[in-house]
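Throughout, protein chains are lettered first and strands after them, A, B, ... in sequence-line order, and every chain is numbered starting at 1. Note that these values count all heavy atoms, side chains included, but never hydrogens, waters or copies made by symmetry. Here the structure is a predicted model, which means the values were calculated and not measured.
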Amino acid sequence: MKKQCAFYIDTSRCSGCKACQAACSDKHDTGNGILWRRVYEISGGNWIQEGNAWIHKVYAYNISMACNHCEDPICVKTCPTKAMYKRKDGIVLIDDKKCIGCRYCEWACPYGSPQYNSDKGVMTKCTLCYDYIDEGKNPSCVDACPMRVLEFGELKQLRKKHGDIAEIYPLPDKNVTKPAVVITPHKDSINKSGNLLAVANKEEV
Amino acid sequence: MDFSEWPLILFTLMIQMSVGTFLFLGILHDVAFVRLEERVFSEVGNHLLKLIAFILFIAFIVASFHLGNPVNAVNSLNNLESSWLSREILSIILFTISGGIFLFIYKKYSRNKKLVFTFALFTTLLGFIAIASMSMIYMLKTVPVWNNVFTPISFYLSALLLGSGVMFYSLIRIMRRRFFLTALDESSGEKLNYTLNFLLVVITFLLFLNLTITFIQIIFLGSGNDPLKAGYNLLIEENLFFIIVKVILLIIVLTLSFLIIKHYRLNKSLFELYKYSTLYFILILIIELIGRYLFYASYHRIGV
């Protein structure tokens, strides 16, 4: 198996503070409205009447999501220019000298990773801070997280350490693109369907 | 829906219109029971082949408005191995080149019927491949709303409807404008009217198909899984007005079509209706524009 860089996300501990999001935008100067890392606030449930009492069965958790540098990246497959490419270490990058800004990758990616920069007319996305990685450091989002929710490493190692879950609501079936991500699910994300849960901060992400 | 999709709406419709028009030119040239007389065909054919070339030229310009960085547009052919967008662009370029060669052959070697026929067939085939590639662009496994049989059906239906519409409209207008009818003897005039009636029957059938598929597709999305239902909600909650307008226009144009067919049965002539042909054609264009707008408006992908 080839080397594959990956993120680990512990959704059971994420407080939704968005320090990772801010650190990413700050490091890469991503521009207005462009978020390479986004924190999705998932919530749902209702109050249930039991006798004279109302019992709450409401749920909420956060998912910090950037590009998952998929093993089978649909953005790379669909990109007509080959501007989207995968490095030897599995990181998916964009060569903006080739990109035509057709936004086809944006349509296709189920993680909302490729984002359009209207000032430059090209797509942009999480680079996994490859410059830091090449220097032996962690990506900026990982080091910025006060809850130690994020971790960076080799996919095989991360799976050995944390298991192989890569999908919780509202993320898609992992077989679609084989995301290089390992997730520790929040208790409220287990056995809940989309009818009970929804992304609460759609306008923000 | 983002305003940036309008160039795509126009581009896809223009390409489909070009392919459809080329197909119907071929039908009216080679299919025995509706074949146009050579002098009639050369009058219409010359105009329409130039029109197709013009539409294709405009389509490429319109498409560039969709690109954030059109300077790099030449790179769009880089990924023929896996990108349907690259394949679509290549097939449209090949259709355009083949159409250009056909025009040359048709003008210079029109006596060589076999050569003209072979190139017409080859160009039509390339046009159909272009529409198939165009459909595949949208049939993404992450976009279930588009990843179904309704995408190719609606694209081919647009090609046929716009193609037959352009053919009908052009035939009736060009013939009338050039006072061509006066030069035709009675049997030639009858034949021309018969061909026009054939086109009208085809258009009517396609409009009926369009109306039926519109309803079937909405039922399919509404009764599907969560991603399909999300597309259904986008259509019903945010674009119901456009769906209603499309259905009303379809019913109006279908009624008009039946009235014109009835007129033909009684009078055996359609040319006196040329005054209404522009309105008829514009209504078909509006139906197709709304249909394509709704297609893009239903976009919803799985995940976040």
Hey, is the main chain of [Y] close enough, under 3.5 Å, to the side chain of [X] for a donor-acceptor pair?
X        : Y        : value
B/Asn79  : A/Lys82  : no
A/Arg103 : B/His66  : no
B/Thr142 : A/Cys109 : no

Taking side chain as everything from C-beta outward and backbone as N, CA, C, O, which of these in [X] sits under 4.5 Å from a heavy atom of chain A? Side chain, backbone, both or neither.
X        : result
B/Leu140 : side chain
B/Glu81  : side chain
B/Ile89  : neither

| request: Step by step, work out the side-chain contact (heavy atoms from CB on, under 4.5 Å) result for A/Val205 and B/Val304. | output: CA-CA 9 Å; A/Val205 290; B/Val304 288; over 6 Å; no
| said: Among A/Asp96, A/Thr81, A/Val176, which residue has the highest count of heavy-atom pairs closer than 4.5 Å to chain B? | reply: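 Winner by heavy-atom pair count: A/Thr81.
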| request: Sort out for me which of A/Gly101, A/Pro110, A/Gly121 touches chain B most, counting heavy-atom pairs under 4.5 Å. | output: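 Max contact count across the listed options: A/Pro110.
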Closest non-hydrogen atom pair, [X] against [Y]:
X        : Y        : value
B/Ser83  : A/Cys79  : CB-O, 3.6 Å
B/Gly303 : A/Pro172 : CA-CD, 3.7 Å
B/Asn69  : A/Cys99  : ND2-O, 3.4 Å

Can you tell me if [X] has over 12 outside heavy atoms packed within less than 6.0 Å of its [atom1]?
X        : atom1 : result
A/Asn32  : CG    : no
B/Tyr156 : OH    : yes
A/Lys86  : NZ    : yes
B/Phe122 : CZ    : no
A/Phe152 : CZ    : yes

| query | Between A/Trp107 and B/Trp146, how do the two ring planes meet: parallel, tilted or perpendicular, split at 30° and 60°? | reply |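 A/Trp107 vs B/Trp146 ring planes: perpendicular.
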| field | chain B contact via A/Lys97 - which portion, at a heavy-atom distance below 4.5 Å | value |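 For A/Lys97, the backbone is the part near chain B, not the side chain.
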| message | Among B/Ile137, B/Val143, B/Val71, which residue has the highest count of heavy-atom pairs closer than 4.5 Å to chain A? | response | B/Ile137
Return the [atom1] to [atom2] distance between [X] and [Y], rounded to the nearest 0.5 Å.
X        : Y        : atom1 : atom2 : result
B/Ser76  : A/Tyr104 : OG    : OH    : 13.0 Å
A/Ile100 : B/Leu67  : CD1   : CG    : 4.5 Å
B/Asn72  : A/Cys102 : CG    : SG    : 11.0 Å

